[in-house]
Amino acid sequence: MTTTRSPRSVRQRTVLGSALTATLLLSGCGAEVEPDAKAPEKVTVKRCGELVEYTVPKRAVAYEGGSADKLFSLGLVDHVHGYVMPPANPPVEESPWASDYAKVKMLGDDLLNKELVVEAKSDFVVAGWNSGFKDERGITPEILDKLGIQSFMHSESCFNYPKYPEKLSPFEALYTDLDRLGKIFQVEEKADEVVAGLKKRVEAVEAKAPEGEPVPVFLYDSGTDQPFTAGNQVPPNDIIKTAGGKNVFDGLDQRWTQVNWEAVAEAEPEVIMILDYGDLPAQKKIDFLKKSPHTKELPAVRKDNFFILDYNEGISGPRNIDGLEKFAKYLSELQS
């Protein structure tokens, strides 16, 4: 259990009805938002644990769906130059903000890199630590600072950021990002509205969560010799907990992490949540679990209790709440 990686670094992508309509209504999909009146030229906002001074970005670049979704949910399409979308991500046409994606440029279909950002003449980059920014790839907030390019990291990923770490629960990190981005782009009223809408949806799920012993749930990301799963510092942990389940590895103070099959078997999960992404689809993972001697006798496998979580519902972004609502419905129907 010593290796910690982001879902993308271990090669990362639903099973019931969509919460798309609610997302559109509460997130202002496609809406363009003007900066709040009398806003200052510069604002100081936290980037993980570091206070950073920002001017309103005009050519933002987003890495992966979670980053772009956060910007689009705040009505900031006019401030976004483009996005980088590696193979793990489902097609952007499936996003609640598909019309916004269509208005900006797709800058790359692989990993984020400094050359791409410079060529795009970007003034702002949004990504996670390790999943976008990474020392080994030569693109970090510090490097971009020296180039005069502003940057912002998902608060959820700040848990792993060595320079200015910050620890927030995954849903709280989502709300914090929207709040901070609202301040940076000076659309704080819109950010307040979006966060309030998301919190209301979470509260509605909590109110209906089943009572009694939580259902043990194992999230399967990838891996055959040893599985990669979710610790308590990534969104699926909050999705499972809020819906009335219990992540069998919620005792691991980690993000995406490696465990062993013996620990999975000992936990006896009643449900297996499959993280589904483009280059490693869910059905292949299910087929493996049904055949593997490590897992074929697990209660969840014998009962065919598989829930498929879309990649962009599993990484930090507004679609976490879509995933929550779908999983809550799944658990409710499973127990009825």
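Note that this is a predicted model, so its numbers are computed, not measured. In this chain, residues are counted from 1 in sequence order.
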Check your understanding: Are any non-hydrogen side-chain atoms of V126 and S151 less than 4.5 angstrom apart?
Key -> no

With a 3.5 Å cut-off and sequence neighbours excluded, list the donor-acceptor pairs that the side chains of residues 111-121 form with protein atoms.
{"residue": "N113", "atom": "OD1", "partner": "E115", "partner atom": "N", "Å": "3.2"}
{"residue": "N113", "atom": "OD1", "partner": "L116", "partner atom": "N", "Å": "2.7"}

Point to revise | Test: K290 and D304 ion pair at under 4.0 Å | key: yes

Review point. Are a donor atom and an acceptor atom from the side chains of N247 and N237 found within less than 3.5 Å of each other?
Key: yes

Review point. So do the side chains of V259 and V264 get within less than 4.5 Å of each other, counting heavy atoms only?
Key: yes

**Study point:** Aromatic contact, Y83 with Y63 (centres under 6.0 Å)
**Key:** no

**Study point:** Charged N-O contact under 4.0 Å between D123 and R59
**Key:** no

Exercise for review: Check whether any side-chain heavy atom of R255 lies under 4.5 Å from a side-chain heavy atom of E156, and answer yes or no.
Suggested key: yes

**Study point:** D287 bridged to K291 by N-O distance under 4.0 Å
**Key:** no

**Study point:** Lys/Arg N to Asp/Glu carboxylate O, R319 vs D69, below 4.0 Å
**Key:** yes

Practice item. Please list, chain by chain and in numerical order, all residues satisfying side chain to side chain contact (heavy atoms under 4.5 Å, CB included) with E268, sequence neighbours excluded. Key: P299

Point to revise | Sub-4.5 Å side-chain heavy-atom contact between K46 and E166 | key: yes

Review point. Given the rule that I, L, V, M, F, W and Y join up when any side-chain heavy atoms are under 4.5 Å apart, are V271 and L324 in one cluster?
Key: yes

Point to revise | Lys/Arg-Asp/Glu bridge criterion (N-O < 4.0 Å) met for K167, D253 | key: yes

Review point. Once the angle between the rings of Y330 and F327 is folded into 0 to 90°, is it parallel (under 30°), tilted (30 to 60°) or perpendicular (over 60°)?
Key: parallel

Review point. Do D221 and T229 touch side chain to side chain, with heavy atoms closer than 4.5 Å?
Key: no

Check your understanding: Is the gap between the ring centers of Y161 and W129 under 6.0 Å?
Key -> yes

Review point. Charged N to carboxylate O under 4.0 angstrom, D322 versus R201?
Key: yes

Point to revise | Sub-6.0 Å ring centroid separation between Y220 and F307 | key: no

